[in-house]
Amino acid sequence: MFEDEQQIIESKIREFCLKNDIPIAELKWSPIPFSGEWGTSTSFFATAALEARAGKKIQVPARAQEIAEQAKAAIGSVQGISRVDAIKGYLNLYFSTSEYARRVVDEVLASNADFGRGAPKSERIMVEYAQPNTHHSFHIGHHRNTILGEALARIVEFAGFDTIRASYPGDIGLGVITILWAYDRFYKGQEPQGIHERGQWLLKIYAEATAMLEPKENETPEEKAKREAYDVERHEMYRKWDINDPYVRELWLKTREWSLEELRDILRILDVKMDVWFFESDVDVPAKEIVGELIAKGIADDERPQGGAVIVKIDEKLGLTKEKYRTNIIMRSDGTTLYLTKDLALAKVKFEQYHVDRSIYVVDVRQSMHLQQAFAILKLWGFKQAEKCYHLGYGFVSLPEGAMSARRGRVVLFKDVMDEAIKRVLAVESEKSPDISEEERRHVAEQIGLGALAYSMLSVDNNKDIIFDINEALNFDGHTGPYIQNAYVRANSILKKSDGLPKESQFDYELDPHEIELIELISRFPDKVQQAADEYRPLIMANYTYDLANAFHSFYHAVPVIQTEDKNVREARLRLVAAAKQTIANALRLLDIQAPEVM
RNA sequence: GCCCCUGUAGCUCAAUGGAUAGAGCACCUGCCUUCUAAGCAGAUGGUUGUGGGUUCGAAUCCCGCCAGGGGCGCCA
């Protein structure tokens with residue numbers, strides 16, 4: 001927020017260095033640690049190191065301090081800077097508190113929901129996430145994926161990028177066919193009531209079918225024959241799907257719709273609005289076409305005449321001598337396509353039809369190799385956007401008893417966890433806030449329960465695995481979503497009890513350190529948005545939001561607002577509370593967490 | 001065999017190559033007749049897996065090793 005002042009100071013430092021023949025290194029600016037005062041700082045270690053490397057006999061830390069002291073003298077006075085300190089090689093510039101506090105608060109309350117929004121950028125980003133296979137229910141692993149993707153989409157969008165949200169559900173494959181087969185064989189015509197019940201029922205059928213089709217120990221010849229007969233039936237159904245058999249296709253579309261209804265309902269609950277739906281089955285035909293193109297361009301090698309498949313020797317084609325991307329198949333020997341082929345076809349659609357400059361894939365880290373191969377082939381193919389394809393991988397979510405497995409029916413469903421979350425919040429709520437009406441309580445419980453779940457997923461670095469513990473995920477104390485929501489509620493509570501928000505205010509009194517820290521954190525929000533977007537890391541926003549809430553809670557406790565006698569001070573603090581509330585709301589929104597008015 | 005990820009307080013996790021490695025949970029001490037105690041203030045807790053190296057400066061970068069997880073041509 002203070003680029004102008006920073007520019008003025010930076011040019012003064014450069015001028016001083018130029019005059020004194022000091023080879024200045026790039027200046028990096030950061031907030032001054034050890035809170036209580038407020039400002040920005042830079043250091044001269046890099047500059048001193050340049051001198052040392054140039055042959056000067058100096059001690060870097062001592063020389064950095066020397067330059068800092070000289071720079072301090074050279075800077076003189078700057079509008080808006082109350083004091084300059086040179087310490088341990090750092091140059092600390094303290095802001096004139098009143099003026100800056102007013103600027104920050106005024107800007108927030110002028111921009112409101114747009115506070116922190118970045119200037120529009122020329123590039124278009126597509127974020128692909130929320131892509132469970134159909135015919136399965138949505139589990140907590142999908143929840144991590146969806147929350148991560150949605151938070152990222154909200155962050156890059158708010159940072160100024162033209163953003164498209166895309167989902168790419170796997171709607172075909174042997175797993176899907178297995179469910180169709182078992183449904184048709186054993187449950188034909190049945191259909192449970194309720195969107196989620198029906199979806200979960202399909203999942204149960206899948207686990208049953210898998211058990212029937214798996215070889216068992218000590219199986220009798222009769223059992224073996226039955227199992228093998230089932231397997232033949234299943235593959236026959238896949239063949240029929242492939243040749244567009246009307247019966248199988250209709251069955252497939254009907255059951256697929258059941259899954260999609262369930263998925264759409266969960267996305268509605270999570271407030272995720274997809275712009276584009278790509279289905280795996282849609283790219284099958286185009287995928288076949290691009291194989292020919294890649295062969296013609298000499299990128300792929302057709303080994304089918306020798307009884308092999310169509311492959312891409314990626315390392316060789318890129319001219320790499322060391323093994324990196326290896327070789328992968330883009331078409332089976334029987335002429336059918338693979339996941340990789342479909343991803344190539346999909347990327348082509350993204351680039352050519354949707355004019356995407358950057359393509360982000362929020363996909364399980366286990367598919368890292370696959371995506372690196374896809375990006376490398378896209379590059380060979382001539383797509384310059386391949387450079388800006390990015391795999392946001394994330395560690396998988398497992399259970400204390402081991403990995404989740406849809407095949408074994410050992411999954412923790414998101415819907416179940418959500419229901420449990422709401423139940424627990426309601427229990428806490430009726431104890432702590434008996435005044436809230438029955439109707440509102442249910443709504444607030446959903447906001448808090450979902451907030452706790454979302455934050456537990458976002459507050460861990462994406463490349464770390466999560467062992468899902470429901471008691472941890474639904475903890476409402478400390479470093480959690482509800483802690484942040486509570487800060488928002490408390491701010492709201494103060495504002496509700498005031499006689500309205502003053503139009504303007506002066507911060508011309510001695511501010512409490514808690515006030516200064518809160519204002520400082522608010523002022524950093526726009527930069528944090530850009531940083532999180534640049535690095536594709538929702539975690540940065542999650543951490544920031546917690547810090548902001550923490551500063552507000554401390555402020556709340558230490559600094560009276562409504563009870564302040566002095567009218568000037570009270571009005572300034574009221575506006576500060578409103579600015580804090582707004583910034584918390586904006587930050588929570590980027591995390592796809594709702595801000596309840598009461599709790 | 002090769003490649004990727006992870007290893008930080010008892011537990012779960014933070015920390016643009018820079019100032020004193022920080023939070024939460026758990027445990028302990030205080031704080032509700034005062035704007036919501038889902039909170040605040042404080043105490044305890046560290047050889048950042050390990051051994052080298054680079055650097056004025058390393059949890060962070062490089063190399064070796066140890067431990068755990070994942071991946072590696074006709075699954076997705």
Side-chain angles (χ1 to χ4, degrees), chain A residues 28 30 32-34 41 43 45-46 48-49 52-53 58-64 87-90 92 133 170 172-175 280 303 308-313 322-334 336-340 342-343 364-370 372-373 393 395-396 398 425 428-429 431-433 435 448 452 456 459-461 463-467 469 472 475-487 489-498 531 535 539-540 542-543 546-547 550 553-564 573 577 598-599:
Chain A
K28 286 183 284 188
S30 58
I32 305 170
F34 322 125
S41 83
S43 72
F45 296 104
R53 252 170 256 141
I58 50 165
Q59 293 292 318
V60 169
R63 175 59 180 156
I87 180 168
K88 293 182 179 174
Y90 287 84
N92 292 340
N133 291 341
I172 189 58
L174 194 58
E280 203 179 322
E303 296 185 341
V310 181
I311 63 170
V312 181
K313 295 174 182 169
K322 261 181 71 178
E323 184 178 74
K324 185 170 180 189
Y325 298 107
R326 304 182 181 222
T327 295
N328 210 345
I329 294 175
I330 58 169
M331 182 174 267
R332 292 191 185 92
S333 44
D334 66 2
T336 56
T337 61
L338 291 126
Y339 185 48
L340 179 59
K342 291 169 191 165
D343 248 335
D364 190 318
V365 73
R366 282 173 289 194
Q367 295 181 33
S368 169
M369 177 74 166
H370 160 81
Q372 293 312 313
Q373 290 178 329
F396 55 89
S398 59
V425 178
V428 177
E429 247 185 320
E431 178 199 329
K432 299 199 178 198
S433 313
D435 301 339
I448 296 171
S456 76
S459 60
V460 180
D461 196 84
N463 52 20
K464 278 195 168 135
D465 293 342
I466 292 180
I467 294 172
D469 178 334
E472 237 169 77
N475 179 19
F476 306 139
D477 300 325
H479 191 191
T480 66
Y483 174 94
I484 300 165
Q485 291 172 316
N486 186 230
V489 166
R490 291 174 120 185
N492 188 46
S493 179
I494 291 176
L495 294 172
K496 274 195 299 194
K497 290 192 173 156
S498 70
Q531 191 194 347
E535 300 178 21
L539 173 66
I540 288 172
N543 282 344
Y546 173 78
D547 289 342
N550 181 33
H553 277 304
S554 295
F555 162 85
Y556 178 91
H557 187 264
V559 183
V561 180
I562 296 171
Q563 293 144 348
T564 306
R573 285 180 177 164
V577 169
V598 291
M599 67 189 282

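Basis for what follows: all heavy atoms, side chains included, without hydrogens, waters or symmetry-related copies. Just so it is clear, the model here is predicted, and its values are computed rather than measured. Order of the sequence lines fixes the chain letters, A, B, ..., with proteins taken first and strands second; residue numbering starts at 1 for each chain.
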All N/O pairs under 3.5 Å across the protein-nucleotides 56-59 of chain B interface:
none

Selected nucleotide, minimal atom distance to A:Arg366 side chain, candidates B:G70, B:A76, B:C35: B:G70

Spacing between A:Lys496 atom NZ and B:C35 atom C1', to the nearest angstrom: 11 Å

A:Asn475 or A:Gly308, whichever maps to the more 5' nucleotide of RNA chain B: A:Asn475

Nucleic acid footprint by protein, nucleotides 3-12 of chain B - heavy-atom cut-off 4.0 Å, B for base, S for sugar-phosphate alone: --SSS----S

From CD (A:Gln373) to NZ (A:Lys324), nearest 0.5 Å: 12.0 Å

Side chain to side chain contact (heavy atoms under 4.5 Å, CB included) partners for A:Glu323, two or more places apart: A:Asp315, A:Arg326

Within 6.0 Å of CD1 in A:Ile467, more than 12 heavy atoms from elsewhere: no

Nearest-neighbour nucleotide for the A:Phe396 side chain, B:U16, B:C25, B:G69 considered: B:G69

Sugar-phosphate only, base, or nothing, as touched by A:Ser43 at under 4.0 Å among non-hydrogen atoms: nothing

Test side chain to side chain contact (heavy atoms under 4.5 Å, CB included) applied to A:Met599 and A:Val428, A:Asn486, A:Val425, the passing residue: A:Asn486

Nearest-neighbour nucleotide for the A:Leu539 side chain, B:A19, B:C74, B:A15 considered: B:A15

Consecutive-pair stems (at least three Watson-Crick or G-U pairs, under 3.5 Å) that include RNA chain B: B:1-7 with B:66-72, B:10-13 with B:22-25, B:28-31 with B:39-42, B:49-53 with B:61-65

Ion pair A:Arg332/A:Asp334, N-O distance below 4.0 Å: no

P spacing across the pair B:C13 / B:G7, given as an integer number of angstrom: 10 Å

Sugar-phosphate only, base, or nothing, as touched by A:Gly175 at under 4.0 Å among non-hydrogen atoms: nothing

Whole-Å gap separating C1' (B:G71) and CG (A:Asp465): 13 Å

Separation between the P atoms of B:G17 and B:U60, rounded to whole Å: 11 Å

Spacing of CZ belonging to A:Arg573 relative to CZ belonging to A:Phe555, to within rounding of 0.5 Å: 6.5 Å

Interatomic distance where CG belongs to A:Leu338 and P belongs to B:C72 [whole Å]: 13 Å

Beyond-backbone contact of A:Leu495 with A:Val577, side-chain heavy atoms, under 4.5 angstrom: yes

Rounded distance in Å - CZ (A:Arg332) to C1' (B:G73): 12 Å

From NE2 (A:His553) to CZ (A:Arg490), nearest 0.5 Å: 5.5 Å

Euclidean distance for C1', B:C63 against B:G24 (whole angstrom): 36 Å

Nearest-0.5 Å distance, CD1 of residue A:Ile562 to NZ of residue A:Lys497: 7.0 Å

Close side-chain approach of A:Val598 to A:Lys496, heavy-atom, < 4.5 Å: yes

P atoms of B:A58 and B:C11, separation to the nearest Å: 27 Å

Selection from B:G71, B:A76, B:G69 that lies nearest to any side-chain heavy atom of A:Gln367: B:A76

Counterpart residues, side chain to side chain contact (heavy atoms under 4.5 Å, CB included), relative to A:Lys28 (two or more places apart): none

Close side-chain approach of A:Tyr325 and A:Val312, heavy atoms under 4.5 Å: no

Rounded distance [0.5 Å steps], CG in A:Asn475 versus OG in A:Ser456: 10.0 Å

Length of the OH-C1' vector between A:Tyr339 and B:G71, whole Å: 14 Å

Value in whole Å for how far the C1' atom of B:C72 lies from CD1 of A:Ile311: 15 Å

Pairwise P distance for B:C72 and B:A14, with rounding to whole Å: 26 Å

Touch class at under 4.0 angstrom, heavy-atom based, for A:Val312 against every strand present: nothing

Conformer about C1'-N of B:C65 - syn within 90° of 0, anti elsewhere: anti

Between B:U8 and B:A23 - C1' atom distance, rounded Å: 13 Å

Rounded distance in Å between the P positions of B:C66 and B:A43: 42 Å

Side chain proximity check, A:Tyr483 to A:Asn550, heavy atoms < 4.5 angstrom: yes

Sugar-phosphate, base or nothing in reach of A:Asn92, heavy atoms under 4.0 Å: base

B:G73 glycosidic torsion: syn (within 90° of 0) vs anti: syn

Gap between atom CG of A:Leu340 and atom CG of A:Asn328 - 0.5 Å precision: 5.5 Å

Sugar-phosphate only, base, or nothing, as touched by A:Ile562 at under 4.0 Å among non-hydrogen atoms: base

Between C1' of B:U34 and CD1 of A:Ile494, the distance in whole Å: 12 Å

Pairwise P distance for B:C32 and B:A37, with rounding to whole Å: 12 Å

B/S/- contact track for nucleotides 38-44 of chain B, protein heavy atom under 4.0 Å: BBSS---

Whether over 12 other heavy atoms sit under 6.0 Å from A:Gln59 CD: no

Atom-pair distance (CZ on A:Phe555; C1' on B:C35), nearest Å: 10 Å

